[in-house]
Trainee: 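My questions all concern the structure below.
What you see is a predicted model, and the numbers here were worked out from it, not measured in a lab. Side-chain atoms are counted along with the backbone in the values below, which use heavy atoms only and exclude waters and symmetry mates.
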Amino acid sequence: MTFDMTSPMFTNEAAAVAHLEAGRWPNGVTCPLCGCDNVHKMAGKTQAGMFACYGCKGKFTCRTGTVFERSHIPLHKWVLATYLMGSSKKGISAHQLHRMLGITYKSAWFMAMRLREAMTPAAGPVGGPGMIVEADETELAPSRKTKGAGKRNRANYKRFVALVERDGKVRSAVIDGRDMKDVRAAVREHLHPESILHTDGAQFYKGMMPVGQHESVDHNKMYARDSNAGRVHTNTAEGYFSIFKRGLVGTYQHVSPAHLPRYLAEFDFRMNNRVALGVNDNVRAERILKGAEGKRLTYRQVG
């Protein structure tokens, strides 16, 4: 971790509020309810951090319209959790947040889910004209150590596909069906049509791209090969799978199919905001806080 854990915003509520207000409204406070900039900060202990809007006559705080809204957890604990999740390469468990923040496990679990919602990437394809994008899919099988492992059903396996720009960003998508047409559908949805696609020798990738925009490598014969479109391999995608699976086994132990998209969003976010792309722990956490705006997640949605 490269951030200073002794910073007042991690221990003092007023400092945390000031930090979020400065990040959310760098050019002056605007009402998240109506967009009006004719607002004033209210005084008094019972209304600390609250603003009144002259436009819609509503009241709001820096939590309004974010994943922090209607949470009773102090804001300085939210800020610390954000920095911890942003700086933990293989994730941080709800049990660890529960111990470090001094909140219940249930609250820590829901907190982590809300922050994963803030990490969810904006819509839009990966890749672009002439950019190399690796595509590969993987399967998450139940642990062999679990009860009844001998009777494991492949219907319980979780599968997802990852599209990884060469030296760039990643986008993962859960594959709901068992048919390989689901892989093709996910690739078409998230891949820029002018990208150059690199895959392994799987047959279902063939014919997806125009001639000259798809290169493959047969892993039964080699890991990579050279072509006019650059070195052909899926090593970057496989490296991403390794990070995710190590986080799953070593940190989270188990992920239910219903929550898998949010865990993928978490790992995608850290991969897309890594040091190699010029993003340190502080900037990464600030981007999570920025991503929290305009999103809500209730316990009923995830419980």
Trainee: After noting the C-alpha distance and the side-chain angles of Glu286 and His19, does the key distance pass the side-chain hydrogen bond (donor to acceptor under 3.5 Å, both in side chains) rule?
Mentor: CA-CA 10 Å; Glu286 291 305 313; His19 180 76; 2.7 Å; yes

Trainee: To the nearest 0.5 Å, how far apart are CZ in Arg284 and CE in Met119?
Mentor: 9.5 Å

Trainee: Closest approach of Cys56 and Cys53, non-hydrogen atoms and distance?
Mentor: N-SG, 3.4 Å

Trainee: About how many Å separate CG of Leu191 and CD of Glu165, when rounded to the nearest 0.5 Å?
Mentor: 9.5 Å

Trainee: Just do the side-chain hydrogen bond (donor to acceptor under 3.5 Å, both in side chains) check on His198 and Arg231 with the steps written out, would you?
Mentor: CA-CA 9 Å; His198 285 192; Arg231 191 156 177 79; over 6 Å; no

Trainee: Can you find a side-chain donor-acceptor pair between His233 and Glu215 that sits under 3.5 Å?
Mentor: no

Trainee: Any side-chain to backbone donor/acceptor pair from Ser195 onto His192? Under 3.5 Å, distance only.
Mentor: yes

Trainee: Got a sec: does the NZ of Lys245 have more than 12 other heavy atoms crowding it under 6.0 Å?
Mentor: yes

Trainee: Could you go through Thr298 and Gln301, starting from their C-alpha distance and side-chain angles, then the distance that decides it, and tell me whether this counts as side-chain hydrogen bond (donor to acceptor under 3.5 Å, both in side chains)?
Mentor: CA-CA 5 Å; Thr298 64; Gln301 291 176 287; 3.2 Å; yes

Trainee: Please check if atom CZ in Arg246 has more than 12 non-hydrogen atoms from other residues, nucleotides or ligands closer than 6.0 Å.
Mentor: no

Trainee: Report yes if the side chains of Glu238 and Asp136 come closer than 4.5 Å at any heavy-atom pair, otherwise no.
Mentor: yes

Trainee: Would you say the side-chain atoms of Arg171 pair up with the backbone N or O of Pro121, donor to acceptor, closer than 3.5 Å?
Mentor: no

Trainee: Judged by modelled atom types alone, do His214 and Thr199 share a side-chain donor-acceptor pair under 3.5 Å?
Mentor: yes

Trainee: Once rounded to the nearest 0.5 Å, what's the spacing between atom OG1 of Thr82 and atom CE of Met9?
Mentor: 9.5 Å

Trainee: Should we count NZ of Lys295 as having more than 12 external heavy atoms under 6.0 Å?
Mentor: yes

Trainee: Between Glu13 and His76, do the side chains contain a donor N or O and an acceptor N or O under 3.5 Å apart?
Mentor: yes

Trainee: Is the distance between the ring centroids of Phe10 and Phe3 under 6.0 Å?
Mentor: yes

Trainee: Nearest heavy-atom pair of Leu297 and Phe110: which atoms, and what distance?
Mentor: O-CZ, 3.3 Å

Trainee: Where do Pro193 and Met209 come nearest, in terms of heavy atoms and distance?
Mentor: O-CE, 3.7 Å

Trainee: Determine whether the side chains of Glu69 and Thr64 contain a donor N or O and an acceptor N or O closer than 3.5 Å.
Mentor: no

Trainee: Using only heavy-atom distances, determine whether the side chains of Asp200 and Tyr205 contain a donor-acceptor pair under 3.5 Å.
Mentor: no

Trainee: Whether the side chain of Arg184 engages the backbone of Lys206 through a donor-acceptor N/O pair (distance < 3.5 Å, no angle test) should be reported.
Mentor: yes

Trainee: Is there a path from Ile243 to Val279 through hydrophobic residues (I, L, V, M, F, W, Y) whose side chains come within less than 4.5 Å of each other?
Mentor: no

Trainee: What are the two closest non-hydrogen atoms of Thr251 and Lys90, and how far apart are they?
Mentor: OG1-O, 3.2 Å

Trainee: Distance to the ring centre below 6.0 angstrom and angle to the axis at most 45 degrees; does that hold for Arg116 and Tyr252?
Mentor: yes

Trainee: Both conditions, 6.0 Å and 45 degrees, for the charged tip of Arg114 above the ring of Phe68: are they met here?
Mentor: no

Trainee: Taking all heavy atoms of Arg63 and all of Ile73, pick out the closest pair and write down the distance.
Mentor: NH2-O, 2.8 Å

Trainee: Does any non-hydrogen side-chain atom of Leu264 lie less than 4.5 Å from one of Leu260?
Mentor: yes

Trainee: Taking C-beta and beyond as the side chain, do Asp167 and Thr236 meet within less than 4.5 Å on heavy atoms?
Mentor: no

Trainee: How many angstroms lie between CG in Leu84 and CE in Met5, if you round to the nearest 0.5 Å?
Mentor: 5.5 Å

Trainee: How about NZ on Lys290, more than 12 heavy atoms from neighbouring residues, nucleotides or ligands closer than 6.0 Å, or not?
Mentor: yes

Trainee: How close do Ala16 and Val79 get, counting heavy atoms only, and between which atoms?
Mentor: CB-CG2, 4.2 Å

Trainee: Parallel, tilted or perpendicular, judged at 30° and 60°: which one describes the rings of Phe51 and Trp25?
Mentor: perpendicular

Trainee: Is the Phe160-Phe241 ring centre distance short of 6.0 angstrom?
Mentor: yes

Trainee: Below 4.5 Å, heavy atoms only, C-beta onward: do Glu266 and Met113 meet side chain to side chain?
Mentor: no

Trainee: Is there a path of hydrophobic side-chain contacts, each under 4.5 Å between heavy atoms of I, L, V, M, F, W or Y residues, that connects Met131 with Val161?
Mentor: no

Trainee: side-chain hydrogen bond (donor to acceptor under 3.5 Å, both in side chains) for Thr234 and Glu134? Distances and angles first, verdict last.
Mentor: CA-CA 6 Å; Thr234 59; Glu134 302 173 22; 5.3 Å; no

Trainee: Without hydrogens or angle criteria, can the side chains of Lys158 and Ser256 be said to hold a donor-acceptor pair below 3.5 Å?
Mentor: no

Trainee: Could you state the interatomic distance from CG (Leu289) to CZ (Arg24), rounded to the nearest 0.5 Å?
Mentor: 11.0 Å

Trainee: Could you measure the distance from the CE atom of Met111 to the OG atom of Ser71? Nearest 0.5 Å is fine.
Mentor: 6.0 Å

Trainee: If you measure only the distance, is there a donor-acceptor pair under 3.5 Å linking the side chains of Asp37 and Thr30?
Mentor: no

